[in-house]
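Structure first, then comments.
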Amino acid sequence: MKQFEANFDGLVGPTHNYAGLSIGNVASISNASSASSPKQAAKQGLKKMKALADLGMVQGVLAPQERPDVHSLRRLGFTGSDANVLATSAKQAPAIFQACCSASSMWTANAATVSPSADTNDKKIHFTPANLTNKYHRSLEPQVTGNILKATFNDSRYFAHHTHLPDNEHFGDEGAANHTRLCSDYGDSGIELFVYGRHAFDRTKPAPKKYPARQTLEASQAVARLHGLSEGKVVYIQQDPDVIDQGVFHNDVIAVGNQNVLFYHEQAFLDSAAAMQEVKEKFGESVLHLICVKSDEVSVEDAIKSYLFNTQIITLGNGEMAIIAPSNCAENTNVANYLANIADQNTPIKHVRYFDVKESMRNGGGPACLRLRVAMTSQEHEALNQHTLMNDAQFERLNTWVDNHYRDRLDVKDLADPQLLIESRTALDELTQLLKLGSVYPFQQV
Ligand code: SUG
């Protein structure tokens with residue numbers, strides 16, 4: 001049976017905008033109130049998906065969420081017609097209103113944590129949607145994310161879906177952005193690295209001082225339990241609180257892994273030497289490449305600006321690996337130099353491909369943020385909803401769908417336009433038919 005890793009990218013939603021909602025995420029704050037282009041953003045994402053499909057990768061699409069989120073605004077006491085809810089909340093509570101308009105579900109690395117069947121005790125692929133409690137705008141996602149994942153991986157013989165963890169900061173969970181799997185072949189049992197920012201139930205432990213640590217150890221442990229992972233195959237690693245305070249709000253801003261390669265910055269982890277020792281012991285005898293980038297090669301600041309580590313490392317058909325990097329890496333001299341020489345190191349990484357995902361980057365989302373990885377067998381591949389997979393015809397259809405429904409330009413002040421809600425719901429209704437998802441959105445369930 002063939003085994004491989006599929007990428008499910010988040011399709012950017014029609015309300016993509018820059019509202020400066022994510023304290024601790026430098027790009028989000030510094031681009032607050034700039035004009036966005038939802039159409040460009042969606043097309044940049046689709047282009048990356050198509051390019052990976054063309055490279056022979058299995059590539060899927062995860063639908064965006066319903067925004068503006070009128071239902072959440074009603075929960076907060078705004079009443080009347082939908083247009084009235086938008087108008088009154090935009091006027092009386094603009095920050096809350098903007099949070100309810102974010103297209104942040106596009107970063108599907110935060111959609112869920114996924115453990116492949118090779119690692120779980122019941123040999124199913126396990127999904128736990130992330131609760132994203134640290135940011136109000138993101139905490140609105142998990143319910144519908146769960147609906148979309150169930151409609152995408154829709155066969156209970158192969159896929160196990162959990163409810164997101166309790167919606168409380170103690171169990172703050174950011175999904176796959178803080179989770180990396182290392183293995184020899186994708187179908188072999190691997191080790192799962194859960195990287196957390198703080199201990200929720202032990203205040204004596206180190207924690208960042210300036211910016212929030214979004215992921216807790218206790219959340220990571222709960223996900224590992226739910227997924228039926230064996231203790232000998234799990235490593236918990238604390239992020240260095242200092243790098244969180246410099247803007248590394250998720251671990252995937254400073255480390256990325258694929259198969260037997262872990263590519264990370266020397267300042268990523270609190271006790272890197274001990275963590276890497278445990279990784280080596282638990283990984284076992286097979287060859288493991290730990291590629292540690294030193295601060296004098298690339299500083300943490302350059303890593304955050306360029307998103308060198310928010311790259312996707314993928315395995316091509318011939319077994320060589322390629323780095324899928326944002327074009328911002330090519331524009332940063334230190335990072336471009338580092339990547340220019342990466343193929344000469346004695347590691348499987350032999351190619352670098354650059355993609356323009358600037359609309360997403362301006363909100364702090366690189367190529368790796370835009371995708372959820374699901375390692376699977378060919379049987380599991382056949383069992384999932386085939387209409388969510390990218391191919392030439394689907395690429396055409398989705399581009400036309402974007403052309404028909406998305407605006408070229410959106411300012412934060414446009415978010416209260418009642419027409420935008422109508423456009424967005426019309427687009428999503430059509431999309432659920434295109435991807436054969438059934439009714440996954442609240443507006444479809446009334
Ligand atoms: O959660 N930005 C996202 C970026 C998520 C990136 N994902 C990973 N690293 N995996 C966040 O901070 C900004 C939205 C705004 O400001 O309008 C935002 O939500």
Side-chain angles (χ1 to χ4, degrees), residues 7-10 12-13 15-38 41 45 62 64-65 67-69 94-114 129-142 145 172-180 195 197 211-215 239 243-244 247-257 268 303-312 326 328 357-373 410-415:
N7 287 289
F8 279 76
D9 279 42
V12 178
T15 63
H16 161 66
N17 72 93
Y18 303 116
L21 302 173
S22 281
I23 295 167
N25 169 343
V26 182
S28 151
I29 299 303
S30 54
N31 290 306
S33 301
S34 321
S36 62
S37 173
L62 289 176
Q65 305 225 346
R67 296 289 181 274
D69 184 347
I96 296 170
F97 165 73
Q98 284 168 22
C100 291
C101 293
S102 178
S104 54
S105 67
M106 64 201 268
W107 300 295
T108 52
N110 305 116
T113 306
V114 184
N131 61 19
L132 301 166
T133 53
N134 188 258
K135 299 281 178 272
Y136 175 64
H137 70 290
R138 304 226 56 186
S139 74
L140 306 174
E141 297 172 28
T145 296
D173 177 22
E174 300 283 318
N178 281 25
H179 172 259
T180 308
V195 183
Y211 291 144
R214 298 197 198 183
Q215 178 89 29
Q239 262 186 291
V243 297
I244 296 180
V248 181
F249 56 98
H250 286 137
N251 180 60
D252 68 3
V253 175
I254 199 149
V256 56
I304 295 170
K305 272 194 202 137
S306 65
Y307 266 36
L308 169 62
F309 298 96
N310 202 267
T311 43
Q312 294 177 240
N328 307 58
V357 287
K358 285 211 166 89
E359 283 286 329
S360 166
M361 285 288 286
R362 285 189 200 113
N363 257 335
C369 299
L370 285 161
R371 63 94 170 89
L372 183 68
R373 292 188 278 185
L410 197 62
D411 283 297
V412 170
K413 65 171 170 32
D414 300 328
L415 294 169

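We count ligands from 1, going down the list as the structure has it; atoms in each ligand are counted the same way.
In terms of polar-atom proximity, defined here as any N/O pair under 3.5 Å, H250 does make such a contact with ligand 1. For ligand 1, the polar-atom distance check against A19 finds a nitrogen or oxygen pair separated by under 3.5 Å. Inclusion of W107 in the set of residues having an N or O under 3.5 Å from an N or O of ligand 1 is not warranted. Residue G20 places at least one N or O, backbone or side chain, under 3.5 Å from an N or O of ligand 1.
When only non-hydrogen protein atoms are considered, atom 11 (C) of ligand 1 lies nearest to S22 OG, 3.4 Å. In terms of protein heavy-atom proximity, atom 10 (N) of ligand 1 is closest to D252 OD2, 2.7 Å.
Which of Q98, E174, K135, R214 comes nearest to atom 1 (O) of ligand 1 through a heavy atom is settled by distance: it is R214.
The proximity of C369 to ligand 1, defined as any non-hydrogen pair under 4.0 Å, involves the side chain as well as the backbone. For N110, every heavy-atom contact with ligand 1 shorter than 4.0 Å involves the side chain, none the backbone. Contact annotation for H137 and ligand 1: only side-chain heavy atoms (C-beta onward) come within less than 4.0 Å of the ligand. At a heavy-atom distance under 4.0 Å, atoms from both the backbone and the side chain of N363 approach ligand 1. Using a 4.0 Å cut-off between heavy atoms, L21 contacts ligand 1 through both its backbone and its side chain.
Ligand-side atoms of ligand 1 in range of A177: 10 (N), range being under 4.0 angstrom from any heavy atom. For ligand 1, the atoms sitting less than 4.0 Å from at least one non-hydrogen atom of A109 are 10 (N), numbered in the order shown with element in parentheses. Atoms of ligand 1 found under 4.0 Å from any heavy atom of G364 (numbered from 1 in listed order, with element): 4 (C), 6 (C). Atom numbering of ligand 1 starts at 1 in the shown order; those under 4.0 Å from a heavy atom of S28 are 13 (C), 15 (C), 16 (O).
The backbone N or O of L132 sits nowhere less than 3.5 Å from a side-chain atom of S139 that would complete a donor-acceptor pair. Using modelled atom types, one side-chain atom of T108 and one backbone atom of F8 make a donor-acceptor pair closer than 3.5 Å. In this structure a side-chain-to-backbone donor-acceptor pair under 3.5 Å is present from T15 to C101. The backbone N or O of E174 sits less than 3.5 Å from a side-chain atom of Q215, completing a donor-acceptor pair. Between the side chain of N31 and the backbone N or O of S34 there is no donor-acceptor pair closer than 3.5 Å. Using a distance-only test at 3.5 Å, with no hydrogens or angles considered, a donor-acceptor pair links the side chain of N178 to the main chain of V195. The closest donor-acceptor contact from the side chain of N310 to the backbone of C369 lies under 3.5 Å. Between the S105 side chain and the P64 main chain, no donor and acceptor come within less than 3.5 Å of each other.
Listed by first and then second residue, the salt bridge (Lys or Arg N to Asp or Glu O under 4.0 Å) pairs that reach into residues 359-370 are E359-R362, sequence neighbours excluded.
Around atom CD1 of I96, no more than 12 heavy atoms belonging to other residues, nucleotides or ligands sit under 6.0 Å away.
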**OP:** Could you please spell out the steps behind the side chain to side chain donor-acceptor pair (under 3.5 Å) verdict for Q65 and T145?
**Re:** CA-CA 8 Å; Q65 305 225 346; T145 296; 2.9 Å; yes
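In this structure, R138 has a heavy atom closer than 4.0 Å to ligand 1. Residue N17 places a heavy atom less than 4.0 Å from ligand 1.
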